[in-house]
Amino acid sequence: MKHLITILLLTVSSAVFAQEEKVKTEIVTIALDEFIDGKFFHNGKDIVDFSANPTAIGEVMTYEGSPRLVIRHTQAEFTQKDTLPAPAAWVDLPANTNRVLLACLKSKDKPLKIVAYDIGSAKLALGDYRVFNFSRSTVSLILGTEKRAVNSGSNEIVSNAKWAKNVMELDVMIAMVKDNKAKPVYSSQWGHRPGRRNYIFVFDGPFEYKPLHICRFYDVPPVVAKNAP
C-alpha cells in the first residue's frame, strides 16, 4: 500500500508550476500513515505549525502565497540568511479554489510526501462523498442508491440531490473487483447529515480476512458569499 501511495504522490506532485501567480485558499490535512507534526510553513503572514492526523481531517488553515507550498523542519529556516537546507517537503497547490486537501505520507525514516486535492466549493458540494482509492484493487461502491467503480490510485465523487437536503441513513457496501467479479468486503449503515462534505479513504487491509481498510471523514465547506463578484 505504502509503495503505491508514494508513486501516486510523486506523480501528482509533478504538475506544472506557475511561478507568476499567487494562491489564496484554505488548507486542511490528512495523514495517510503516521501522525505528522513538528513541521512549519509560512501562510503569507506568519510562520505556523504544519501537522496531519491519520484519524481526522485537520483544522482549516488560511494560506496566501506562492503556488508551491514549502514545508520546513524548523522555524529558523525561514529567516536563515545563508544556504537553506532542503525542505521537509513541498507541494504545488491547485489554482482558483477556496479549499485544498493535503494528503501526507510519512513512514518511518522516509521523506515526507504530500499531494494536493482541490476540494473547493465548486468541486464538492454539501452532502457529496469523495472516494479516494489508495488500495491496489479496483473497488465497487454502493452508497444508498448510487453505484461507482473506483480504480486503484484514483478518486470519484458520488452525489445525489437528496443528500444536500435530508438527514437519513445510507446503506453502504464496498467490494473488491477482480477478474470482473466483485467480492463484498464491507457492509454498514451510515448516518448522513446534509451540512457535511464527506471523504472516504480506501487502503489495503492489514490482514487477509480484512483486505480493505475503510476510513470516513467529513468537513464543513468554505463559506462563500452569495453576492461575491
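The environment of CD in Gln80 is crowded: more than 12 heavy-atom neighbours from other residues, nucleotides or ligands sit within 6.0 Å. Residue Asn166 places its CG atom among more than 12 non-hydrogen atoms of other residues, nucleotides or ligands, all under 6.0 Å distant. At most 12 non-hydrogen atoms from other residues, nucleotides or ligands lie less than 6.0 angstrom from CG of Asp179.
Seen from the ring of Tyr218, Arg196 counts as a face-on cation partner, given the 6.0 Å and 45° thresholds.
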Do Phe40 and Phe78 pass the ring-ring contact (aromatic ring centres under 6.0 Å, His included) test, and can you show the C-alpha distance, the side-chain angles, and the key distance before you say yes or no?
CA-CA 9 Å; Phe40 304 90; Phe78 289 92; 7.5 Å; no

Are Phe201 and His213 close enough, and set up right, to give a side-chain contact (heavy atoms from CB on, under 4.5 Å), and what steps lead you there? CA-CA 8 Å; Phe201 294 88; His213 177 55; over 6 Å; no

Show your reasoning for whether salt bridge (charged side-chain N to carboxylate O under 4.0 Å, His left out) applies to Glu26 and Arg99. CA-CA 4 Å; Glu26 295 178 345; Arg99 185 167 292 182; 2.7 Å; yes

Take Ile214 and Ile200, measure what side-chain contact (heavy atoms from CB on, under 4.5 Å) needs, and give me the verdict at the end. CA-CA 7 Å; Ile214 314 297; Ile200 303 171; 4.0 Å; yes

Where do Leu126 and Trp163 land on the side-chain contact (heavy atoms from CB on, under 4.5 Å) test, with the steps shown first?
-> CA-CA 8 Å; Leu126 286 170; Trp163 296 348; over 6 Å; no

Going through the checks in order, is the side-chain hydrogen bond (donor to acceptor under 3.5 Å, both in side chains) test met by Asn133 and Ser135?
-> CA-CA 6 Å; Asn133 182 10; Ser135 78; 2.7 Å; yes

- Item | Test log, rule side-chain contact (heavy atoms from CB on, under 4.5 Å), inputs Val48 and Phe41 | CA-CA 6 Å; Val48 295; Phe41 74 102; 3.3 Å; yes

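Two residues are said to be in side-chain contact when any heavy atoms from C-beta on lie closer than 4.5 Å; Met176 and Ser137 meet this criterion. In this structure, Trp90 and Ile114 have side chains that are not in contact, with every pair of non-hydrogen atoms separated by 4.5 Å or more. Side-chain contact between Val23 and Pro67 is present, with heavy atoms from C-beta onward closer than 4.5 Å. Side-chain contact check for Asn43 versus Met61: every heavy-atom pair is 4.5 Å or farther apart. At a threshold of 4.5 Å between non-hydrogen side-chain atoms, the residues Asp219 and Ile119 count as touching.
One finds the CZ atom of Arg148 at 8.5 Å from the CG atom of Leu141 (value rounded to the nearest 0.5 Å). To the nearest 0.5 Å, atom CZ of residue Arg197 and atom CG of residue Leu101 are 9.5 Å apart. In this structure, the separation between CD1 on Ile27 and CG on Leu93 is 5.5 Å, given to the nearest 0.5 Å. Put simply, CG on Asn53 and CD1 on Ile36 are 10.0 Å apart, with the number rounded to the nearest 0.5 Å. Between the CG atom of Asp171 and the OG1 atom of Thr145 there is a distance of 10.5 Å, given to the nearest 0.5 Å. In this structure, CG in Asn151 is found 4.5 Å from OG1 in Thr138, a value given to the nearest 0.5 Å.
Between the side chains of His192 and Tyr129, a donor-acceptor pair is found at a separation under 3.5 Å. Of the N and O atoms on the side chains of Asp49 and Ser51, not one donor lies less than 3.5 Å from an acceptor on the other residue. Remark: the Asp128 side chain and the Ser159 side chain contain an N/O donor-acceptor pair separated by less than 3.5 Å. Side chain to side chain, Asn155 and Arg130 meet the donor-acceptor criterion of an N or O pair below 3.5 Å.
Ring centroids of Phe134 and Phe203 are separated by less than 6.0 Å, placing the two rings close together.
In this structure, the side chain of Thr29 does not engage the main chain of Leu102 through any donor-acceptor pair within 3.5 Å.
Heavy-atom minimum distance, Met173 versus Ser187: CG-OG, 4.1 Å. Closest heavy-atom contact between Ala175 and Ala182: CB-CB, 3.9 Å. Residues Ile30 and Ile57 share a closest heavy-atom pair of CD1-N, 4.1 Å. Shown here for Asn98 and Ser121, the closest heavy-atom pair between the two residues is OD1-N, 3.0 Å. In terms of heavy-atom proximity, Ala116 sits nearest to Val100 at CB-CG1, 3.7 Å. Residues Tyr63 and His42 approach most closely at CE1-O, 3.3 Å, considering heavy atoms.
Each of Leu69 and Ile47 belongs to its own hydrophobic cluster when Ile, Leu, Val, Met, Phe, Trp and Tyr are linked at side-chain heavy-atom distances under 4.5 angstrom. Residues Leu143 and Met168 are members of one and the same hydrophobic cluster, defined by side-chain heavy-atom contacts under 4.5 angstrom among Ile, Leu, Val, Met, Phe, Trp and Tyr. No chain of hydrophobic side-chain contacts below 4.5 Å, direct or via other Ile, Leu, Val, Met, Phe, Trp or Tyr residues, connects Ile142 to Ile174. Follow the hydrophobic side-chain contacts under 4.5 Å out from Val177 and you never reach Val202; the two are in separate clusters. Both Phe217 and Leu124 are members of a single hydrophobic cluster when ILVMFWY side chains are connected at heavy-atom separations under 4.5 Å.
The aromatic rings of Phe132 and Tyr117 lie perpendicular to each other, with more than 60° between the two planes, well past the 30° mark.
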